Structures are given as structure tokens and as C-alpha cells.
Amino acid sequence: MSKQTFQIAVLSGDGIGPEVTQQAVRLMSAACEPFEDIDLSLQEVSVGAQEYLKNGDPLPDSAFDVCRESDAVLLGAMGMPSVRWPDGREMTPQIDLRERLDLYNGLRPIYLYAAEDSPLKKYQAGEIDFVIVRENTEGLFAARTDPQDQTREEARDIMLITRKGSLRIFRAAFDQAMQRRKKVTLVDKANVLPSMVLFREVFEEIAAEYPEVETEVVYVDAAALFLVQRPQSFDVIVTENMFGDILSDLAAGLVGGMGMAPSGDIGEDCAVFQPSHGTAPDIAGQNKANPVATILSAAMLLQWLDHPSAKEAGVKLDSAVKKALADPAVRTGDVGGSLSTTEMGDAILKCL
Ligand code: ATP
Ligand code: MG
């Protein structure tokens with residue numbers, strides 16, 4: 001039988017990045033182990049604040065090239081509070097990577113593993129289950145690379161919406177919905193922002209191509225309310241960059257916080273998978289961090305690879321997490337438990 005080898009770039013990064021990534025790599029490898037027709041070739045690449053301190057660049061070209069040429073990237077977290085560019089700006093190599101690889105589709109799955117994890121006390125495991133599809137390359141974040149006239153008296157940020165960018169993100173959202181419960185909610189602010197009128201217009205064009213999919217349109221302020229009042233009603237939520245950024249954190253809060261929320265940033269032929277949280281410098285190096293978000297991101301990575309065995313390994317890893325988390329005692333400190341990072345990894349490995 002011929003074996004297919006997948007090149008995976010592993011960017012552990014800073015803070016708790018290396019601790020959570022270590023568990024994810026271990027579980028990802030274990031999930032693939034029984035499959036004789038696939039093999040993972042893992043390449044560790046140094047990026048982030050520690051790399052900047054060594055070489056003056058948090059995302060060197062050599063590291064970027066490895067990412068671009070790999071089949072997929074697994075990323076921990078990057079940055080250190082004390083390490084900034086000489087002009088004082090914060091470093092955001094993870095956003096640079098997303099933009100340079102044109103990873104337009106920001107997938108943020110939200111799933112409730114146990115009733116105890118949610119601050120909303122009325123939901124059982126599996127009753128909160130939706131995915132946010134965040135447009136990753138334009139929207140209000142376009143202001144980052146296209147600063148307008150800034151004076152000491154006035155500064156503006158541009159909300160950029162293009163037909164091309166909107167078409168591709170809406171297609172991605174409807175394709176997701178076709179594999180799920182066939183409902184898409186557009187979150188916009190078309191009552192106030194003219195850019196959002198175009199966004200909604202393109203949404204309606206794409207919706208017409210998917211007659212089986214139910215659609216709903218919600219203003220972003222109402223979306224924040226409905227996420228708390230009726231999270232079970234959402235299947236796929238699609239929105240622009242900044243709204244997606246904010247609502248993803250709110251949504252993660254519904255199911256236990258940042259330590260439980262994975263993500264994938266997906267482009268035409270490259271993808272980066274990483275936890276939604278940052279480097280958590282306050283608990284770095286203490287074997288306390290919750291590795292679940294990174295392990296779930298690794299499961300997404302496997303399911304994204306173009307091979308039935310890799311997909312099956314990803315589904316198995318996802319099920320192992322579900323099984324492990326069904327026991328409310330199997331939790332790290334951030335979700336009310338007492339397990340260490342490595343013990344959490346052990347518990348999931350046992351279920352695999
Ligand atoms: P960044 O700027 O890198 O996004 P941040 O300041 O927004 O970082 P996080 O690093 O996400 O924040 O951390 C916010 C809080 O959540 C911290 O108190 C941190 O300890 C906690 N936290 C984040 N991720 C985890 C995790 N995986 N396990 C446990 N606690 C976490
Ligand atoms: Mg943050």
C-alpha cells in the first residue's frame with residue numbers, strides 16, 4: 001500500500017504555546033498511528049517574540065516559506081507583553097501570516113462538551129453547536145494595512161468590503177452549512193454602514209445558489225443578545241472580520257472560555273490551525289494551561305487534509321476529546337478542574 005506523507009509545520013511560539021502544542025502534536029500523531037496509508041512529517045519552526053529577540057524578525061522569510069510549502073500549519077500562540085516593535089506597536093505575526101497566506105476563511109467552531117462548562121445553566125452537552133465563519137482579510141481589519149490620514153486631531157479606519165472577498169466567504173459559509181444543519185445567519189450592520197449593504201446584497205446572491213439552506217439576517221448588536229438568549233438556534237454564522245473577532249470571544253465564553261475554542265484559518269491551498277486564545281503569559285511554564293483548544297485545532301487540521309484516513313483520524317481525535325470531557329472532573333483550572341496540561345493530554349490519549 002502506498003503511503004502519503006503530509007508536511008506539517010509546527011509553530012509552538014511563545015508563552016503557553018509550546019506546552020499546549022506539545023500535547024496536540026502527541027495526540028495528532030497517536031490518532032494517525034493506526035493508519036498505514038498516511039504519515040505526518042512534522043517540522044518545528046521558530047517564530048514569535050523569542051525568535052524576534054534572537055534574529056530581529058518574529059516571522060522570518062525562511063519560516064514563512066516552510067509554512068507556505070507545508071500541507072498545513074499547527075500554531076500555538078505568539079507574542080510577549082514586553083516585546084514590541086521599536087515604535088511601540090504590538091507584534092502580530094499570527095495576523096501577518098494570515099494575511100500573507102491569504103487565509104480568508106476563519107472557522108471558529110463552538111461546541112458545549114458538558115453543561116457545567118457554560119455560564120448559561122440550561123444547556124446540555126451538544127446543545128450549543130455552531131460555527132462562526134469570519135472573513136479574515138478585509139472588513140475593519142483592512143485599516144491595519146491601509147491607514148488613512150491620521151493627525152493629532154482626527155483618525156479614521158476604513159471598513160473594506162469587496163464583492164470578491166464577500167463572494168468567497170459566503171460560498172465557504174454555505175458549503176459549511178451543507179455539511180451541517182443547513183442554516184446560515186448573516187451578521188451585519190446594514191442599517192448604519194453602507195459597506196454592509198453591499199455585504200448583504202452579495203449574501204443574498206449566494207443564498208439563491210443554495211435553496212436548501214435556510215437563511216437569517218441579524219444586526220451585530222442583536223447577534224450578541226441572541227448568542228446569549230438562544231445560542232441553540234445558530235448553525236453557521238458568517239460575518240466580517242472585526243464582528244467575527246468580537247463574537248468569537250463571546251461565543252467561546254458560552255462553552256467554557258478560550259481554552260476550549262479551536263480555530264482554522266483556511267485559504268485556497270494552505271491552512272493554519274490554532275487555539276483562539278493567546279500566549280497567557282500569567283500561567284506560562286507552569287503546566288497549567290488548557291490544551292483542549294489546541295488539540296481540537298489539531299483534529300480540525302487532520303479533517304482538513306485531503307485524505308480519507310487523515311479525515312478519519314481527525315474525527316477519532318475529536319470523539320476522544322468529547323469522551324474525555326464527558327467526565328466533568330477531566331478539566332484544567334480555567335474550566336474549574338484541577339488537572340495539569342500533561343494530565344489533560346493523558347486523559348484524552350486514554351480515550352483515543
Ligand atoms: P493575546 O494578546 O496573545 O491574544 P491576551 O492577553 O488576549 O493574549 P490570552 O493569552 O488569551 O489573552 O489570555 C487571557 C486570559 O485567559 C489569561 O488570564 C490566561 O491565563 C487565560 N487563558 C488563555 N488561554 C488559556 C488556556 N489555554 N488555559 C488556561 N487559561 C488560559
Ligand atoms: Mg487576545
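Counting from 1, the numbers follow the sequence of the chain as shown. Ligands are counted one by one from 1 in listed order, and the atoms in each one are counted from 1 as well. All values reported here derive from a predicted model rather than from experimental measurement.
Between the side chains of Gln232 and Tyr123, at least one donor N or O sits under 3.5 Å from an acceptor N or O. No hydrogens or angles considered: a donor-acceptor pair under 3.5 Å links the side chains of Tyr210 and Asp175.
Within the 4.0 Å heavy-atom cutoff, Ala289 counts among the residues contacting ligand 1. Within the structure, ligand 1 has Ile283 among the residues with a heavy atom less than 4.0 angstrom away.
Aromatic rings of Phe226 and Phe234 (six-membered ring for Trp) have centroids beyond the 6.0 Å cut-off, not under it.
Atoms of ligand 1 found under 4.0 Å from any heavy atom of Asp334, numbered from 1 in the order shown, are 28 (N), 29 (C), 30 (N).
By the criterion of a heavy-atom distance under 4.0 Å, both the backbone and the side chain of Asn290 are placed next to ligand 1. If you look at Ile16 next to ligand 1, the close heavy atoms, those under 4.0 Å, all belong to the side chain.
When Ala252, Gly76, Gly278 are ranked by how near their heavy atoms come to atom 11 (O) of ligand 1, first place goes to Gly278. Counting heavy atoms only, Asp282 comes closest to atom 18 (O) of ligand 1 of the residues Asp249, Val335, Val292, Asp282.
If you chain together hydrophobic residues whose side chains sit under 4.5 Å apart, Ile161 and Val187 fall into the same group.
With respect to the salt-bridge test (charged N to carboxylate O, under 4.0 angstrom), the residues Glu204 and Arg200 do not qualify.
Test Asn105, Asp265, Asn241 against Arg134 for side-chain hydrogen bond (donor to acceptor under 3.5 Å, both in side chains) and you get one pass: Asn241.
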